[in-house]
Amino acid sequence: MKPAPFDYVCAQTVREAHAVLAAEEDEACVLAGGQSLIPMLSMRLARPKVVVDIMRVPALAAVDDNGQTLRIGAAVRQAELLRRADLGDKQPLLRLALPWVGHAQTRSRGTLCGSAAHADPSAEIPLVLVALEGTIELSTRWRRRRVPAEAFFTGMMTTARRPDELIEAIVVPCRRPNTGYAFREFGRRYGDFAIVACAALASPRGARLAVGGVADRPVARNFADLHGRALDEAVEAFAWELEARDDLHATAAYRRALVRRMGREMIEEARRCRG
Amino acid sequence: MSRLDALGWHRVRFELNGRVVESNAQPRMLLTDFLRHSLGMTGTHVGCEHGVCGACTIEIDGVPARACLTLAVQVHGATLRTVEGLAPMPDRLSILQEAFRRHHALQCGFCTPGILMSLDWYLRTKPGPTEVELREFLAGHLCRCTGYVPIVKAALDAAERLREASHA
Amino acid sequence: MGGQSAAWLGQSVARVEDAALLTGAGRFIDDLGVRPGTLHAAILRSPHAHALIRAMNVDGARRAHGVAMVLTGEDVKAVTASLIVGIKVPMECWPIAVDRVRYVGEPVAVVVAESRYVAEDAVDLIAVDYNPLPAIIDPLAALAPGTPLLHPELGSNLASDRSFRYGDPERAFAQAPRRITVSVRYPRNSCTPIETYGIVAEYDRGEDAYDVLANFQGPFSLHPVMARALKVPGNRFRLRTPPDSGGSFGVKQGLFPYVVLIGAAARVTGRPVKWIEDRLEHLCASVSATNRITRLEAAVGLDGRVAALAFDQLEDVGAHLRAPEPATLYRMHGNLTGAYDIRHLAVRNRVVLTNKTPTGLNRGFGGPQVYYPLERLMQRIAVELALDPIEVIRRNLVASEAFPYRTASGGLLDSGDYAGTVELALRDGRFADLKARRDQARAEGRIYGIGMAAVVEPSVSNMGYLTTVLTVEERQRLGPKNGAHATATVRLDPSGTVSVAIASAPQGQGHRTVAAQIVADTLGLSPREIRVVTEIDTAKDAWSIASGNYSSRFAPAVGGAVLLAATRLRDRLSRLAAAQLNVPIGDIEFAAARVHSRSNPENALAFSRLTAASHWAPATMLEGEQAISETVFWTPPELSPPSDADTINSSLCHGFIFDFCGVEIDRVTGSLRIDTYVTAHDCGRILHPGMVAGQITGGFAHALGAAIYEEYAYTADGSFLAGTFADYLLPTSMEVVEPIILHTQSPSPFTPLGSKGVGEGNAMSTPVCVANAVADALGVTAIDLPLSPAKLAAFLHPVEVEPAGRGDAAPQGHGRALRGAGQVAIPGEPQEIWTMLLDADVLGGLIPGCQRIDRKSPTQFRAEVLVGVGPVKGRYRVDIALSDLDPPHAVTLTGSAIGALGFARGTGRILLAQTRGATRLQYEYTAHIGGKLAAVAARLLDGAARLLIGQFFSALRHRRKGRSLGLVGRLQAVLRRRR
C-alpha cells in the first residue's frame, strides 16, 4: 500500500502554509501528525497534488491559556497536552477523553487539530469540542474566522473548512466553576473506534450530553434540569434522533441501548462531580 | 521554502542510533521503506502499513512513532532510534532484551522490534508500572504468537531490574 | 533412547533464535537482498465477489514509465497449467481470474515494475469492464436450486457429498431414550500472522527451470502442485525458504498459487520478480479458515451416555476448491467422536463453493469446527437431562486403560489418561472455588457463567487422510496415500561440532533450539556445539511431500527424526570408540563432549577426536561405515491409508485438553470478561516447558480472537468488510487474560521422543469453552460465534419501543445493505422537475463531482465523476438508467459506478407529489458499495452514501431555487459546485 505521488512542502510559517492552500485548494492536504492522513494516502483514498507539513511552524505549536479558554495550536500533539500536569484542572473533559484517542504510540505524534480536521464520526476530540461548545479557528492569508464546533462538523468526515483555509487552533473553554464533567466510551477492544462515546457536563445552566459514534458527527443536546422519568424520556428521544445504523460491529438497537444507559450515567456522573 | 517535487529524489538526512545517515527519497516514500531499503536497517518491520499492528514502531525525537505513518521527508534533521540501536554493545543485550529472552517473550520475532522500542521508551519515562498500566500501553501492539503473557512478564522483570540498576 | 539421563530436553533453555531477533538482525524474506535487476509486482484485484470480465484495458499501464510488464489472466494461462484441485472434479483453478472473478480480492492483473510504488501507480491505470453476477455468500444459498453457479463446468456449487457410517448408528438412535441436537453456524476467521506472504521468483530460460524463494510453511505435497502448474518437472522447480518467517499458523501454506503467479510473471518478464503481500491483500485474498454449518445429533441414555452421533457438516471452502481442501473437513475424520467412547457414528460431509476467499490451513484446522458442536452438545445433554456437566463428560470419556484406543471412524488414540487430566484440572484449577464464585456473583445479580470443554488434539497428519473423501474404487485407482515422512540430517564436522538440517520451515516455534537439545542429549554435547539450519532448499536438501511445519508435527515427528539420525550416528561412533578404547560397545558413554568407558571414565576420548577420525582416517572405520552424516526419513507405521470401510487414522498422536472457565457479561454493554481460564494439557513428553507454555498461550489468544472479536464479514452481495486491522479485530494485551496452565504427561508410544504436538489445541477447545460459559451465564440454548457485545446484549436488553410518529425513519439495513430515505421540497411543478431529471445536462449538474455526461438513450446516461467524502476522493465511471417511468409522478433511478476505490450500485425510487406551489420529492434507496472502500471503511459507508445521495437532491433543489432566484442564485450554485 504505497501512496500515489505528491509534492511536499515543509512550511516554516503560517504564511507559507496559506500560500500553498490558496494556490492548490482541495488538491492540497495539510499534514500535521499524519496518524489519520498517511494511512489514507497509503490506501490511495486521498490523492492530493501536494502535502503541506505544518509541524515546523512555531506559531502553531503553542497552547495558550488565558484563564477563560485554552487555545491549542495546530501543531500541538495529543501526548504533549496530556503530559501537562494541570490539564485536569484546566479542562477535565480533555483530560478524561484524550487517553482514549488511539494508543500511546499514536498520541505521541497525532495532533488535536488534526483529529478535528479529520472529523471521524467516532473520534473523541470532535466530540469534546461539541460537548464544550468550543470553536475552531480558521484562516487564510486575508481573513480569519471562528466557527463554533457544532457548525464546524457538518457530516461524515466533512467540516466547514474551506479548501483554502488552515485550521490554526481549536479553542475550548476552561473548567467553569460549579461544573462537573464526565466521559466514557465503549468499543470492542481497548483503544478501538468508539461504538458509542459520551461526553457530559453539568453546570448551573443544566446538563449537556454529546454523543459520538452513532450519527455521522458528534451531536449534543441540553437537558437543563431534567431528572428521573423526564430525563429518561428526553434521553430516549435523543437516542432515536441520532438515527443509529447497523454496521459490522454493532446494531442500531445496541447503539441506542448504550446511549440510553451510558448517556444517562454520564449525565448523572457529571452532576455528581459538580462543585 | 522549497517544494519537493513528487517525482524527484530529495536528500533526507537525520541522526539514526547516534550516527548521521542520509539517502534520497521521493516525498511519498514511507519511512519504513526508507529505513529498510534505502538505509538497509531491516530491523524495523512492516506488518500492516496502516498504523495498527505496531511492528514498525521506532523512536522519533524522543517519542514512539509508527514509521509506516511517517514520510521519510518528514524526519529530515530529526533524531531517530531503531531496534538496531538498543543493545548497549554488539554482543551484549540490554536489560529489556535480556528479559525478553529469559521469559520467552518472542516466538517468530516479527512484532518484537516495535514492542521493544515502545517498551524501551515507556520504561524510561514511567519506571515502576503496574501490570494493568503495562497491558494498556502494550495494547498498541499486535502479536499473534505469544498471547502477550510472557511479554508482560518480561517488561515487569525489566522494570524491576532497571529500578535496581538506577538505585545501585 | 540414550543410555544417559536427558540433560537438555525438558529444560527451558534460552533460544538460539532470540539474539538476532531481539537486535533487529532477523532475516525475514523482505530483509534479504535480491539480485540486481529484480523487479517488483503489484496485483490488481477484483472489487466484485462475482462478475464476468467483459474487457480489460492495460495499455495505459503497459506504457507507464518504469513498468516492465502487465500480465492478464490470459498471459498467465499461456505459461501455466491449472492448479490441481483437491478432489477429481471437472473444475479448474488458476491463480488469477481468467474470464470471471469469484471473490473480492481475486487477482485480475499483475504489474511488474521498477518498484512497488511505481507498480501500484500502474495498477491504477488498468480499466476493467465487469459484468456483475449475483454473489453467493451463504452456504445454504449456494445449494438452493436455480442459484447461479460459480463454476458452470462443475454443474453445481456442491463439490462433494459423501456419507459415512460406522457401527450401527440407526439402531443406536432407534433405541435411545433421548435424542439431543445442536445446530451450529461456525463463522469464518483467519490467523493473520504479522508477517505477510513474500515471494521472489526467477525463471531460467536456458534450463526451463524456476527458482523461487518464499516464506512457505509446507506441506511440501504442494511442491508437485506448483511444479505442475508451472509446467516443469519437480527437479526444475527449486523452492527455497528464508531463515526466518514471521508466523504462519497454517496461513503460509496458502501462498502456493501466488508462487505460480509470480513465477509466471518472472517468466514472461524475463527478470526476477519480487512480491511482498500487503495487509489489505492478505485479509481478503490469502486464505481463511472454513465456515461450516453443522447439525449434530446424539443418541443419549438418561445417564448422559452417548451411544451414537450423527454429523451433518456443510463446509464452505470459498470460491475455489484449492488444494489441499477439503482437507479441513477430513483432518478430523478419525476424531469426530472427540474424547469420548462412542461406537456408532453417521457422517454426512458436503463441500460447497461460495464467493468468498478460498480456504486453507489455519490453526486448529478443522478442530474448532468439530469441537464447537460436539462440546456444545455435551453441555446441552447436561442441561436437558439435568445432570452435572462434569459427570456427563466423565461418563463418556475414553477409559484410561483403553489406550491405544481405536475410534469408530478409525482414529488410533495413542495414549492418555483423560479422567486423570480432568481430575488434575478440577483439583489444581480449583473448580470448586469457581463454582462458589459463580454462586456469589449471581447472588449479587451479576451475569456469570461457567463453561468447559474436553478435546482431543491430533498432531502429525496422515498424508492420506484426504483420500477418505474418495470412494473405495477411486482410491484403488489412484493408489494408496498415507504416512507422514519427517526428515532430518545430522552431520559431524572434523572439528567435533555438529550441523543439523531439518525440513521443517518454522515460523517462531524454536525448532533450531529444540533440535539442538535433542542432539546434545544424544551425543553428550551442549546445544552450543550444535547448529541447526531450518531453511529448506528442495534442490539440495532431503525432503518429502510431508515436509514443512503444519499439524503441529515438529516435536513428535521431526524431533523424532532428529533423534533417530543422531542416535544412528552415535551408534556408529560407539563402535569406533569401543575399538579405540578397547572396551565393549555397551560400556561406551557420551557426556561432556567426551566419549568414555562407563566402568573406567579415565579411559576416554574427546568427541572431536572421534569425529575427526571419521573424516581423516576412514580406513579405520569398520567396513563400509562412515560417521559423518546421517539422513533419516521416518514415517510411523500407524498411519495407513483409509480402509475399504472408510476408516482412517487421520493423525499419529493425540493429546488431550480439558478446559474450564468463568465469564462475566456486563449487563449494559454486553461485553464479555474472562474471569478465569484453566487449561489442562496432556501433550505427551514435554521437550521445552517455556516453549510449550508459549504455544498454549498463543493458541489461547488466537482462540479468544475467534470466539469474541474476529469475523470475516461479508455483505449479502459479497463485499468484504474486514479489510484492515481496524475492522478485523485481533485481541490485544488488554483482551487476553493469562490462562492457568496445567500438565499431565502421557508419552506417545508412537513417536521416538514420546512427545506429541501442542500448537493447535486451544484453538479447538477455547472457543467452545467460552461459548459454553456464555450460554450458562445467559441461560440460552444456542449461541454462535463471535460473542460480540451487541449479540450478548440483545439477550439482556429489554425490547425497544419505537416512538410513534417516526414516519421518516430510514428503513434499517438488511444484511448490511445500505438503505436510506429522505425527502426534499423543490420549488416548481412536478412536470418541470420531471423534465429536469431526464435532461442530460441538468442531470450532469446534479451528480456530485460530475465532469462529463453522455446520453446513451432516452433513459440511459454515462458519466465520469470525481467524487468523495472529505479527503477521500475517487474517479468513477457511472452508468445511470431510468426505469418504471410514471411521468411525472414516479421513476426508478439505477446507478452503478466503478473506479479504483471500488464500485457502487444503487437503486432508488423517486416519487414526486404536488404540494402548494412546490413539489415534494420523496426518495428511498438501496445501495451496495464494494471493493477497497468497503473493505477499509465499512463503518463509514452508510454515512458516505447518505451524504452523496443527499448532495444529489440538494443540488436539484438549489438548481431549482437558482432558477427562480435568478442570476445571483445561479452564480451561487455555480460557486458551490466548484468547491
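In the text below, chain A, chain B and the rest are named by the order of the sequence lines, each starting its count at 1.
With rounding to the nearest 0.5 Å, the separation of NE2 in C:His702 from SG in B:Cys145 is 8.0 Å. A distance of 7.0 Å separates CZ in C:Arg279 from SG in B:Cys53, rounded to the nearest 0.5 Å. Separating the CG atom in C:Leu280 from the SG atom in B:Cys48 is a distance of 9.5 Å, to the nearest 0.5 Å. The OG1 atom of C:Thr697 sits 12.0 Å away from atom NE2 of B:His104, with the distance rounded to the nearest 0.5 Å.
Using a distance-only test at 3.5 Å, with no hydrogens or angles considered, a donor-acceptor pair links the side chain of B:His50 to the main chain of C:Phe725. Without hydrogens or angle criteria, B:Tyr148 side chain to C:Gly698 main chain gives no donor-acceptor distance under 3.5 Å. B:Arg144 contributes no side-chain N or O that, together with a main-chain N or O of C:Gly246, makes up a donor-acceptor pair within less than 3.5 Å. The main-chain N or O of B:Ala139 is found under 3.5 Å from a side-chain atom of C:Ser733 such that the two form a donor-acceptor pair.
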*C:Thr732 and B:Leu138: CA distance, side-chain angles, deciding distance, side chain to side chain contact (heavy atoms under 4.5 Å, CB included) verdict*: CA-CA 8 Å; C:Thr732 71; B:Leu138 282 169; over 6 Å; no

*Are B:Leu106 and C:Leu22 close enough, and set up right, to give a side chain to side chain contact (heavy atoms under 4.5 Å, CB included), and what steps lead you there?*
CA-CA 8 Å; B:Leu106 65 155; C:Leu22 287 167; 3.8 Å; yes

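Using non-hydrogen atoms only and a strict 4.5 Å limit, the part of residues 114-123 of chain B facing chain C consists of B:Leu116. At a heavy-atom cut-off of under 4.5 Å, chain C is reached by B:Val149, B:Lys153 from residues 149-164 of chain B, listed in order of number. Using a 4.5 Å cut-off between non-hydrogen atoms, the part of residues 28-46 of chain B that approaches chain C consists of B:Arg28, B:Met29, B:Leu30, B:Asp33, B:Arg36, B:His37, B:Thr42, B:Gly43, B:His45, B:Val46. Within residues 79-101 of chain B, the residues having any heavy atom under 4.5 Å from a heavy atom of chain C are, by residue number, B:Val83, B:Glu84, B:Ala87, B:Leu93, B:Gln97, B:Phe100, B:Arg101.
Looking at C:Ser245, only its backbone comes within 4.5 Å of chain B, counting heavy atoms on both sides. Heavy atoms closer than 4.5 Å to chain B are found in the side chain of C:His688, but not in its backbone. With a threshold of 4.5 angstrom between heavy atoms, B:Thr146 approaches chain C through N, CA, C or O but not through any side-chain atom. In this structure, no portion of C:Pro506 lies under 4.5 Å from any heavy atom of chain B. Looking at C:Val13, only its backbone comes within 4.5 Å of chain B, counting heavy atoms on both sides. Contact of C:Asp278 with chain B is made through the side chain alone, with heavy-atom distances under 4.5 Å. Heavy-atom distances place both the backbone and the side chain of C:Thr192 under 4.5 Å from chain B. Neither the backbone nor the side chain of C:Asn762 has a heavy atom closer than 4.5 Å to any heavy atom of chain B. Residue C:Ser12 touches chain B through both its backbone and its side chain, counting heavy-atom pairs closer than 4.5 Å. Looking at C:Glu738, both its backbone and its side chain come within 4.5 Å of chain B, counting heavy atoms on both sides.
Donor-acceptor pairing under 3.5 Å is recorded for the side chains of C:Gln695 and B:Gln107.
A salt bridge does not link C:Arg116 with B:Glu49: every distance from a Lys NZ or Arg NE/NH1/NH2 to an Asp or Glu carboxylate oxygen is 4.0 Å or more.
Of all non-hydrogen atoms in C:Gly247 and B:Cys108, the two that sit nearest each other are N-CB, 3.4 Å.
Inter-residue side-chain proximity for C:Leu730 and B:Leu142 is flagged as met; some heavy-atom pair is nearer than 4.5 Å.
Note on C:Thr724, C:Ile194, C:Thr196, C:Val736: by heavy-atom pairs under 4.5 Å with chain B, the leading option is C:Ile194. The candidate with the highest count of non-hydrogen atom pairs below 4.5 Å against chain C, out of B:His141, B:Glu136, B:His103, B:Arg135, is B:Arg135. Taking C:Pro193, C:Cys191, C:Ala25 one by one and counting their heavy-atom pairs under 4.5 Å with chain B, the maximum is reached by C:Cys191.
Between B:Phe110 and C:Phe28, the angle of the ring planes goes over 60°, which puts this pair in the perpendicular group of the 30/60° scheme.
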